[in-house]
Amino acid sequence: MDGESICVRCARQGKTCCQKCEIYVTLGDVGRIHDHIGGEGFYEFRVPDDPAYLDQKDDPPWQEAAFQPDGSRRVLRRLANRDCTFLGPCGCILPLEVRPLVCRLYPYEYNQDGILAELSHNCPTQLLPIGQTLIEALDMNLEQAKRWHGQLYRELQREKQLTCVSV
């Protein structure tokens, strides 16, 4: 267990964010991933399996930009076992700057106004070494998260504008 990341320990339990979450991807994410892998077919439009994803009343820009009129949204495809297409034995196989913005931000909770004080409750914090915080274990940086948050909402705004132009 020494030296293993919390994500690797979590993956052994089969309950990682890469296995349970429906990962929304912006058009910017699509472009970055496409350029990196040199291919397509890694995303689809789908109505969320989990109705909690539909409850975005606290974040109107998200709801307006991410969801299509039929309730579907652009998400990463999953394998038959529900794993993310990009989940490898040691975590995400995509470089950090190529990963979807929502993945880079996780486990930070956020809305249009910024990063919230409370983290997602889905990470198994019981796997953390005593005295280590989740943010320390994930080697995350709040300033970096704020930059990604800004990028995410700029990309959402561009999607909303594109939707308005194409309608």
Side-chain angles (χ1 to χ4, degrees), residues 3-12 15-46 48 53 56 59 61-68 73-79 81-125 127-128 132-163:
E4 276 185 335
S5 76
I6 187 172
C7 296
V8 170
R9 290 190 302 260
C10 182
R12 268 201 302 272
K15 298 179 181 178
T16 70
C17 48
C18 303
Q19 295 161 317
K20 297 189 314 184
C21 297
E22 299 173 41
I23 306 300
Y24 172 75
V25 286
T26 66
L27 284 173
D29 292 329
V30 169
R32 287 184 291 275
I33 295 169
H34 177 273
D35 290 349
H36 178 75
I37 67 170
E40 297 181 13
F42 56 87
Y43 70 91
E44 63 186 336
F45 282 89
R46 190 165 25 91
Y53 285 107
Q56 301 293 325
D59 200 355
W62 184 271
Q63 182 143 8
E64 293 166 4
F67 288 90
Q68 303 295 304
R73 61 198 184 120
R74 188 183 316 103
V75 295
L76 290 179
R77 286 190 188 275
R78 293 183 185 174
L79 303 176
N81 66 358
R82 299 188 49 86
D83 285 1
C84 173
T85 303
F86 299 110
L87 179 60
C90 295
C92 187
I93 62 171
L94 296 173
L96 184 62
E97 291 294 323
V98 174
R99 292 179 194 165
L101 289 164
V102 298
C103 295
R104 293 186 231 174
L105 283 165
Y106 192 81
Y108 285 111
E109 293 281 347
Y110 51 88
N111 63 25
Q112 67 181 336
D113 298 325
I115 305 288
L116 304 177
E118 194 167 324
L119 298 176
S120 171
H121 296 289
N122 292 324
C123 278
T125 54
L127 297 176
L128 290 170
Q132 189 176 46
T133 69
L134 181 57
I135 295 304
E136 290 169 341
L138 294 171
D139 195 25
M140 294 187 77
N141 174 301
L142 183 57
E143 290 308 311
Q144 189 176 45
K146 288 177 180 177
R147 181 175 58 87
W148 291 330
H149 173 270
Q151 183 179 356
L152 174 63
Y153 279 82
R154 284 189 301 278
E155 290 185 13
L156 284 170
Q157 184 62 35
R158 273 188 239 128
E159 291 208 32
K160 184 178 168 189
Q161 291 168 345
L162 288 171
T163 302

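Index from 1, following the sequence. On a predicted model such as this, the values are computed, not experimentally measured, just so you know.
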Can you measure from CE (M140) to CG (L119) and round to the nearest 0.5 angstrom? 8.5 Å
Looking at R78 and C21, what are the two nearest heavy atoms and their distance? NH2-O, 3.1 Å
Filter on side-chain hydrogen bond (donor to acceptor under 3.5 Å, both in side chains), then keep only pairs touching residues 27-39, sequence neighbours left out; what's left? T26-D29, D29-R32, R32-E155
Between CG on residue L105 and CD on residue Q151, distance to nearest 0.5 Å: 9.5 Å
side-chain hydrogen bond (donor to acceptor under 3.5 Å, both in side chains) against R104, all qualifying residues, sequence neighbours excluded: E97
Heavy atoms, side chains only, cut-off 4.5 Å: are L134 and L128 in contact? yes
What residues form a salt bridge (charged side-chain N to carboxylate O under 4.0 Å, His left out) with E143, not counting sequence neighbours? K146
Sorted by chain and number, sequence neighbours left out, side-chain hydrogen bond (donor to acceptor under 3.5 Å, both in side chains) with N81 holds for D83
Please report the closest heavy-atom contact between L76 and F86, naming both atoms and the distance. CD2-CE1, 4.0 Å
Sequence neighbours left out, what passes side chain to side chain contact (heavy atoms under 4.5 Å, CB included) with D113? Give chain and number order. N111
With no hydrogens and no angle check, is any side-chain donor or acceptor of R77 less than 3.5 Å from a backbone partner on G41? yes
From R73 atom CZ to R46 atom CZ, the distance as rounded to the nearest 0.5 Å: 8.0 Å
Could you list the residues that satisfy salt bridge (charged side-chain N to carboxylate O under 4.0 Å, His left out) with E136, not counting sequence neighbours? none
How far does CG of L101 sit from CD1 of I23, to the nearest 0.5 angstrom? 11.5 Å
Kindly write out the residues that satisfy ring-ring contact (aromatic ring centres under 6.0 Å, His included) with Y153, not counting sequence neighbours, or none if the list is empty. H149
So, taking the atom named CG in L156 and the one named CD in Q63, what distance separates them when rounded to the nearest 0.5 Å? 12.0 Å
ring-ring contact (aromatic ring centres under 6.0 Å, His included) partners of Y108, counting only residues at least two apart: none
Suppose we screen for ring-ring contact (aromatic ring centres under 6.0 Å, His included). Which residues come up paired with W148, at least two apart in sequence or across chains? none
Give me the atom names and distance for the closest heavy-atom approach of V25 to P100. CG1-CG, 3.7 Å
Of all residues at least two apart in sequence or in a different chain, which pass the side-chain hydrogen bond (donor to acceptor under 3.5 Å, both in side chains) check with E22? none
Is there a side chain to side chain contact (heavy atoms under 4.5 Å, CB included) between E44 and V75? Walk through the geometry before answering. CA-CA 6 Å; E44 63 186 336; V75 295; 4.1 Å; yes
List in chain and number order the residues that pass side-chain hydrogen bond (donor to acceptor under 3.5 Å, both in side chains) with Y106, two or more places apart in sequence or in another chain; answer none if no residue qualifies. S120
Roughly how far, to the nearest 0.5 Å, is CD1 of I33 from CG of L94? 5.5 Å
What pairs with R74 under salt bridge (charged side-chain N to carboxylate O under 4.0 Å, His left out), at least two apart in sequence or on another chain? E159
